[in-house]
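Below you'll find the structure, written out as structure tokens, and then a few comments.
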Amino acid sequence: MGSLRLKLPDRRALIASLVFGIAIAISNIFANPAPVHSAEQIRFWYAPFGEFTIYVSDLEKFAKEGKLTKRLEFYLERLSPQQQTQLREALTTRFSLSHITAAQFSYSPVGEILVRRLGRILQITPELNGFSALRASLILSAQSKEGLSVLNLLRQYPVPVIYLDLPRGLQAYAEVSQLLYKKEQAIAAIEKQAIAESQNNQNENKALVNSQKELRVAGDVKWTKEQFTYLQPDRNVKISADIYIPQGLATPAPLIVISHGLASNPDTLQYLSQHLASHGFAVAALEHPKTGSRDFAAFLSGLSRAPQTEEAVQRPYDVKYLLDALAQKVKTDPQWRDRFNPEQVGLIGHSLGGYTVFTLAGAQLNFNQINKECSIPEPNVSSFNVSKVLQCRFSSLDVNNINLSDRRVKAVLALNPLGGSTLLGKEGIQNIKIPVAIFASGDDLFTPAVPEQFFPFVWLTSPNKYLVTFPKGTHFSFLERSDRGVLVVPTTILGEKPEFTHPYTKALSLAFFQTHLNNRTEFGAYLNNAYVQAISSPRFPASLTTNFSEAQLLQSLRDSP
């Protein structure tokens with residue numbers, strides 16, 4: 001046994017799947033029975049060679065001191081210094097997650113599914129799901145003085161031995177490779193296409209760069225912010241929205257509605273609302289019931305139930321009823337008359353809000369796709385794609401041939417959208433006929449770029465479509481922190497600082513809506529890769545393409561290792 005060596009890819013896959021699995025647990029788990037032990041060993045069976053053991057004390061010494069014991073050297077000696085550093089960081093990174101939030105979220109439908117799936121990999125005994133042990137260890141590590149980290153999670157694990165199901169762990173690792181690593185080849189292919197598009201328009205691009213306006217700074221239009229409340233009759237609740245109204249315009253302003261993501265609120269895109277208002281757009285940013293920060297905080301506190309499947313339909317109707325209410329307000333209130341045009345509407349949506357604006361733009365729920373993706377019985381599923389788990393929650397929707405589109409919507413911008421892969425699929429996305437811009441982030445762990453942004457883009461049939469790709473972007477790159485936020489996101493997941501990310505959102509959203517909502521065609525010259533490169537920072541690079549095809553995307557994925 002002492003002279004045995006596993007093949008290097010298998011050892012790396014083992015360690016990566018182990019760390020990944022525990023990291024998933026940190027994000028999604030727990031309750032609080034008191035443990036009587038802490039984990040001392042991680043055991044796994046590697047056929048045909050037999051059983052192997054990793055000692056937690058060896059991992060702790062390596063993480064804190066960077067030293068490999070003889071026993072741990074067996075597994076890690078061939079990892080590069082960079083890989084060893086990454087592993088140490090993964091073991092010791094502290095996550096700012098309260099034990100109350102972790103405990104409540106673990107009882108949500110999505111949280112429980114993920115913990116049970118992880119429990120099939122990290123077992124209490126061979127063949128016994130580690131679900132209850134994971135809940136216990138996570139709540140106690142989050143509660144402890146040391147805080148929540150992988151190492152502390154192991155210390156709090158309530159049995160001395162964790163039994164790792166290696167085949168399932170490697171299966172999970174393979175999926176993560178697809179989501180997080182194969183996208184590198186896709187991004188490279190997209191960047192190549194963007195460069196080719198730039199070279200085909202060299203003369204126009206030079207003129208643009210030399211005479212460009214500065215779209216990243218505030219405009220000179222004065223605006224006011226007002227609170228607006230309206231009734232959503234299907235929910236029988238009143239919804240509040242922040243309305244930004246430009247002042248002193250000769251004609252009614254176009255209207256842009258912003259739909260936030262899960263557990264979020266209008267504050268997270270407030271900087272963008274203000275920027276667009278300063279350039280002459282009216283902006284309405286609503287807080288969706290049930291999926292907004294207020295109601296989601298009540299759920300995490302145990303005061304309300306988790307968001308239900310009907311949110312897939314109710315969210316688009318929240319926007320429809322907002323437009324109805326604003327149209328009535330413009331007609332009846334002299335103070336609002338002729339201030340903006342509720343028939344000339346653009347939409348911005350982030351994450352679940354991206355799904356919301358897709359449906360309002362014409363995308364239809366695709367139950368053939370939903371049933372195909374979500375039909376495997378739960379005990380046989382090992383996927384840790386949080387996006388797909390959430391989308392499959394909507395498979396129980398009892399609606400047929402429902403059309404959620406709204407004729408008033410003329411253009412949509414989706415930031416890290418969710419829903420394209422499963423809820424809508426190719427058939428659903430192809431129903432969108434209006435201009436669409438998609439922001440995709442390479443390091444998005446929650447709505448992975450390949451299934452949720454790249455494929456929906458190539459499926460679009462609109463002649464006016466734009467894919468802006470940020471290889472270093474995360475799910476939170478284009479948001480700002482809200483005092484009303486219910487989840488504290490670790491800086492390692494937040495990504496680059498706002499001063500490097502928000503200027504892209506300001507400039508490109510302005511160019512997009514000036515072109516396709518305000519009918520100012522001269523701004524179309526900014527919707528190309530040359531302009532993106534002109535404003536791009538090496539610290540946070542980006543590319544823009546309009547012609548990347550499904551065949552190119554599929555080929556890039558086939559070329560991946």
Side-chain angles (χ1 to χ4, degrees), residues 213 215-233 238-260 265-288 292 315-350 353 356-357 360-361 405-413 434-435 437 505-523:
K213 297 179 181 179
L215 305 186
R216 293 169 289 181
V217 300
D220 55 8
V221 177
K222 304 296 183 182
W223 51 269
T224 60
K225 179 181 177 181
E226 301 188 29
Q227 290 292 314
F228 182 71
T229 303
Y230 66 101
L231 177 68
Q232 212 279 36
K238 289 186 176 181
I239 298 177
S240 64
D242 297 332
I243 312 295
Y244 299 79
I245 307 177
Q247 306 294 303
L249 300 183
T251 58
L255 175 65
I256 296 173
V257 177
I258 296 181
S259 174
H260 61 74
N265 61 66
D267 293 352
T268 56
L269 287 168
Q270 182 174 243
Y271 78 95
L272 187 55
S273 299
Q274 295 172 351
H275 184 73
L276 292 169
S278 76
H279 284 275
F281 291 92
V283 180
L286 74 155
E287 179 164 353
H288 292 278
R315 272 181 143 259
Y317 274 104
D318 293 343
V319 176
K320 286 174 174 285
Y321 287 122
L322 171 61
L323 294 177
D324 292 344
L326 289 174
Q328 184 65 21
K329 181 75 171 176
V330 168
K331 288 180 181 178
T332 59
D333 189 334
Q335 299 296 321
W336 285 46
R337 189 168 295 143
D338 296 329
R339 302 287 290 280
F340 57 86
N341 184 358
E343 296 290 321
Q344 188 182 3
V345 178
L347 301 178
I348 298 174
H350 173 256
T356 304
V357 303
L360 288 159
S405 65
D406 195 296
R407 61 170 180 77
R408 294 168 287 195
V409 176
K410 312 302 182 188
V412 299
L413 168 61
I434 63 175
T505 330
K506 292 178 179 179
L508 295 174
S509 64
L510 178 59
F512 177 72
F513 287 116
Q514 288 282 30
T515 303
H516 296 293
L517 183 61
N518 208 20
N519 299 316
R520 294 186 60 180
T521 56
E522 69 270 25
F523 280 88

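The basis for the numbers below is simple: all heavy atoms, side chains too, and nothing from hydrogens, waters or symmetry mates.
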Is the shortest heavy-atom distance from the side chain of [X] to the side chain of [Y] under 4.5 Å?
| X | Y | value |
| --- | --- | --- |
| K320 | L360 | yes |
| Y244 | L276 | no |
| E226 | W336 | yes |
| F228 | L322 | yes |
| Q270 | K225 | yes |
| F523 | N518 | no |
| D318 | Y230 | yes |
| F340 | V330 | yes |

Going from [atom1] on [X] to [atom2] on [Y], what distance comes out if it is rounded to the nearest 0.5 angstrom?
| X | Y | atom1 | atom2 | answer |
| --- | --- | --- | --- | --- |
| T356 | H288 | OG1 | NE2 | 5.0 Å |
| Q232 | I239 | CD | CD1 | 5.0 Å |
| L215 | K506 | CG | NZ | 12.0 Å |
| L323 | L255 | CG | CG | 6.5 Å |
| K329 | R339 | NZ | CZ | 11.0 Å |
| H275 | F281 | NE2 | CZ | 9.5 Å |

Just checking, is any N or O donor in the side chain of N265 or E287 under 3.5 Å from an acceptor N or O on the other one?
no
Is a side-chain donor-acceptor pair under 3.5 Å present for T224 with Q247?
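Yes, side-chain donor-acceptor contact under 3.5 Å.
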Shortest non-hydrogen contact from [X] to [Y]?
| X | Y | answer |
| --- | --- | --- |
| P266 | A285 | CG-O, 3.4 Å |
| A282 | A253 | N-CB, 3.8 Å |
| G219 | S278 | N-OG, 2.8 Å |
| A327 | P342 | CA-CG, 3.7 Å |
| V221 | G280 | CG2-N, 3.9 Å |
| G346 | F513 | CA-CE2, 3.8 Å |

Exactly one of L272, V283, V357, V257 should register a side chain to side chain contact (heavy atoms under 4.5 Å, CB included) with I348. Which one does?
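With I348 as partner, L272, V283, V357, V257 yield a single side chain to side chain contact (heavy atoms under 4.5 Å, CB included), made by L272.
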Please evaluate residues H516 and K410 with respect to the criterion side chain to side chain contact (heavy atoms under 4.5 Å, CB included), reporting the C-alpha separation (whole Å), side-chain torsions for both, the decisive distance (0.1 Å), and the verdict.
CA-CA 7 Å; H516 296 293; K410 312 302 182 188; over 6 Å; no
Once side chain to side chain contact (heavy atoms under 4.5 Å, CB included) is applied, do any residues pair with V217, and if so which ones, sequence neighbours excluded?
E214
Could you walk me through whether I243 and L326 pass the side chain to side chain contact (heavy atoms under 4.5 Å, CB included) test, one step at a time?
CA-CA 10 Å; I243 312 295; L326 289 174; 4.2 Å; yes
With a sphere of 6.0 Å drawn around [atom1] of [X], does it hold more than 12 non-hydrogen atoms of other residues, nucleotides or ligands?
| X | atom1 | answer |
| --- | --- | --- |
| Q227 | CD | yes |
| D220 | CG | no |
| K222 | NZ | no |

Do the side chain of R337 and the main chain of K331 share a donor and acceptor less than 3.5 angstrom apart?
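Yes: the side chain of R337 pairs with the backbone of K331.
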For residues 271-283, which residue pairs qualify under salt bridge (Lys or Arg N to Asp or Glu O under 4.0 Å), counting only residues two or more places apart or in two chains?
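The answer is none; no pair qualifies.
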Sorted by chain and number, sequence neighbours left out, side-chain hydrogen bond (donor to acceptor under 3.5 Å, both in side chains) with T505 holds for Y271
Let me see the working for I258 and H350 under side chain to side chain contact (heavy atoms under 4.5 Å, CB included), right down to the final yes or no.
CA-CA 8 Å; I258 296 181; H350 173 256; over 6 Å; no
Apply side chain to side chain contact (heavy atoms under 4.5 Å, CB included) to the pair H260 and L269, showing each step before the final yes or no.
CA-CA 8 Å; H260 61 74; L269 287 168; 6.0 Å; no
